[in-house]
Amino acid sequence: MSARPDGEEPGDFISALAHDLRAPLRAIDGFARIVEEDEGGRLSEEGRKSMEIIRANAARMGELIERLLAYARLASAEVELLEVDMESFALGAYREAVPPEGRARIEFDLARLPVAAGDPRLLKQAWANLISNAVKFSSKRERARIEIRGERLGDELVYTVRDDGVGFDMRYRDKLFGAFQRLHSAREFDGSGLGLAIVRRAVALQGGRVLAEGEPGRGAVFGFALPAAGAGT
């Protein structure tokens, strides 16, 4: 992305915009909550449903703002290469994405993963988004399976997250990693449209690349490759 004509970096502009949106959003949610608490007994059923819809959309907008801030911060992120235990990061991301009561329906298969030389903060974001993505798009299955794999291929360390969810048409693979690009409506699957864009930017900052394969109705594989130089196996 190029700098703005006034010299302000795009990341700074997005960050400032997101911060400015927080105050009116808090006001909307706050006043809706006050109406619910103080006037709830006098509201019609339709009125109560309207307040619920307002607050639900305010919460969704709040989540989108936080994701937007995370994406903007990557524009100026300083990369620090350290030894990273990728198994620990992947397992931690899964536990954050799926509460204990939701794990019975998911077969989570975490293989041994090679240690990487990367930025821990950026890799944590990458794993969190990839695994939450797999959980979300396999959520309509009564029993889901998520596989985490990693191996050294030549001069790269390749890590993948495979799910057996809705999949996607490979014609749209390049679109998937763009900001606010979605192949499914918000009614089908909730989300900000920034998760995979965050993965791509976080991985690119470390000299890596993203990858994706899928087939409609037959699941998908998303992942990333990092330079293997200096990394463990």
Peer 1: Taking all non-hydrogen atoms of both residues into account, name the closest pair between Arg103 and Tyr94 and its distance.
Peer 2: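 Looking at all heavy atoms of both residues, the closest pair is CG-OH, 3.7 Å.
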
Peer 1: Taking the side chain as every heavy atom from C-beta outward, state whether Asn133 and Val161 have any atom pair closer than 4.5 Å.
Peer 2: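 No, their side chains stay 4.5 Å or more apart.
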
Peer 1: Quick one, Val221 and Asp163 - any side-chain contact, counting heavy atoms below 4.5 Å?
Peer 2: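 In short, these two side chains do not touch, never coming nearer than 4.5 Å.
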
Peer 1: Please answer: with hydrophobic residues joined when any side-chain heavy atoms are less than 4.5 Å apart, are Phe224 and Met170 in the same cluster?
Peer 2: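 Phe224 and Met170: one cluster.
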
Peer 1: Considering only heavy atoms from C-beta outward, does the side chain of Leu205 approach that of Leu122 to under 4.5 Å?
Peer 2: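 A side-chain contact exists here, since the closest heavy-atom pair is under 4.5 Å.
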
Peer 1: Tell me if the CD atom of Glu46 is crowded by more than 12 foreign heavy atoms within 6.0 Å.
Peer 2: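 Counting other residues, nucleotides and ligands, CD of Glu46 stays at 12 neighbours or fewer.
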
Peer 1: Measuring only between side-chain heavy atoms, which start at C-beta, is Ile54 closer than 4.5 Å to Phe31?
Peer 2: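 Counting from C-beta outward, Ile54 and Phe31 never come under 4.5 Å.
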
Peer 1: Grouping I, L, V, M, F, W and Y whenever their side-chain heavy atoms are under 4.5 Å apart, do Leu130 and Leu91 come out in a common cluster?
Peer 2: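 Both belong to a single hydrophobic cluster.
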
Peer 1: Rounded to the nearest 0.5 Å, what separates atom CZ in Phe222 from atom CG in Leu176?
Peer 2: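 Answer rounded to 0.5 Å: 5.0 Å.
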
Peer 1: Quick check for you: to the nearest 0.5 Å, what is the distance between Asn129 atom CG and Lys136 atom NZ?
Peer 2: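 Rounded to the nearest 0.5 Å, the CG-NZ separation comes to 9.0 Å.
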
Peer 1: State the CD1-CZ distance between Ile198 and Arg200, to the nearest 0.5 angstrom.
Peer 2: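 Answer rounded to 0.5 Å: 11.5 Å.
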
Peer 1: Can you check whether Met86 reaches Leu157 side chain to side chain, under 4.5 Å on heavy atoms?
Peer 2: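 Not in contact.
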
Peer 1: Which heavy atom of Gly118 sits nearest a heavy atom of Val84, and at what distance?
Peer 2: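 The pair with the smallest heavy-atom distance is O-CG2, 3.6 Å.
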
Peer 1: Between Arg143 (side chain only) and Ala104 (backbone N and O only), is there a donor and an acceptor less than 3.5 Å apart?
Peer 2: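 Such a contact is found between Arg143 side chain and Ala104 backbone.
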
Peer 1: Check the hydrophobic clustering (I, L, V, M, F, W, Y; side-chain heavy atoms under 4.5 Å; chains of links allowed) and say if Leu153 and Tyr159 are grouped together.
Peer 2: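 Not linked; separate clusters.
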
Peer 1: Kindly give the heavy-atom pair with the smallest separation between Arg105 and Arg141, and that separation in Å.
Peer 2: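 Arg105 and Arg141 have their closest heavy atoms at NH2-O, 2.8 Å.
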
Peer 1: So for atom CD, which belongs to Glu156, do other residues, nucleotides or ligands contribute more than 12 heavy atoms lying within a distance under 6.0 Å?
Peer 2: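 Yes.
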
Peer 1: So do Val210 and Leu196 actually touch side chain to side chain, heavy atoms under 4.5 Å?
Peer 2: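 They are not in contact (no side-chain heavy atoms under 4.5 Å apart), so the answer is no.
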
Peer 1: Do Glu80 and Leu82 touch side chain to side chain, with heavy atoms closer than 4.5 Å?
Peer 2: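 Yes, their side chains come closer than 4.5 Å.
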
Peer 1: Restricting to non-hydrogen atoms, name the atom on Leu113 and the atom on Leu110 that form the minimum distance, rounded to 0.1 Å.
Peer 2: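 Closest pair (atom of Leu113, atom of Leu110, distance): CD1-CD1, 3.9 Å.
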
Peer 1: With rounding to the nearest 0.5 angstrom, report the CH2 to CD distance, Trp127 to Glu96.
Peer 2: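 Trp127 atom CH2 to Glu96 atom CD measures 14.0 Å (nearest 0.5 Å).
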
Peer 1: Do Glu83 side-chain atoms and Val115 backbone N/O form a donor-acceptor pair below 3.5 Å?
Peer 2: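 Not at all, since once roles are kept as given, no pair shorter than 3.5 Å links the two residues.
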
Peer 1: Is it true that Arg149 and Glu151 make a salt bridge, defined as a side-chain N closer than 4.0 Å to a carboxylate O?
Peer 2: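 Looking at Arg149 and Glu151, the cut-off is not met.
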
Peer 1: Can you give me the closest heavy-atom contact between Val199 and Ala126, atom names plus distance?
Peer 2: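 Closest approach of Val199 to Ala126: CG2-O, 3.8 Å.
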
Peer 1: Compare every heavy atom of Ser132 with every heavy atom of Ala128, then report the nearest pair and how far apart it is.
Peer 2: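 Smallest heavy-atom distance, with atoms named: O-OG, 2.8 Å.
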
Peer 1: Do the side chains of Arg48 and Glu45 get close enough for a salt bridge, i.e. N-O under 4.0 angstrom?
Peer 2: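 Yes, charged N to carboxylate O under 4.0 Å.
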
Peer 1: Measure the spacing between CZ of Arg33 and CE of Met51 and express it to the nearest 0.5 Å.
Peer 2: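 Between atom CZ of Arg33 and atom CE of Met51 there are 13.0 Å.
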
Peer 1: Can you find a heavy atom in the side chain of Val98 that is under 4.5 Å from one in the side chain of Ile131?
Peer 2: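 Not in contact.
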
Peer 1: Report the distance from atom CG of Asp109 to atom CZ of Arg162, rounding to the nearest 0.5 Å.
Peer 2: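 That separation rounds to 11.0 Å.
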
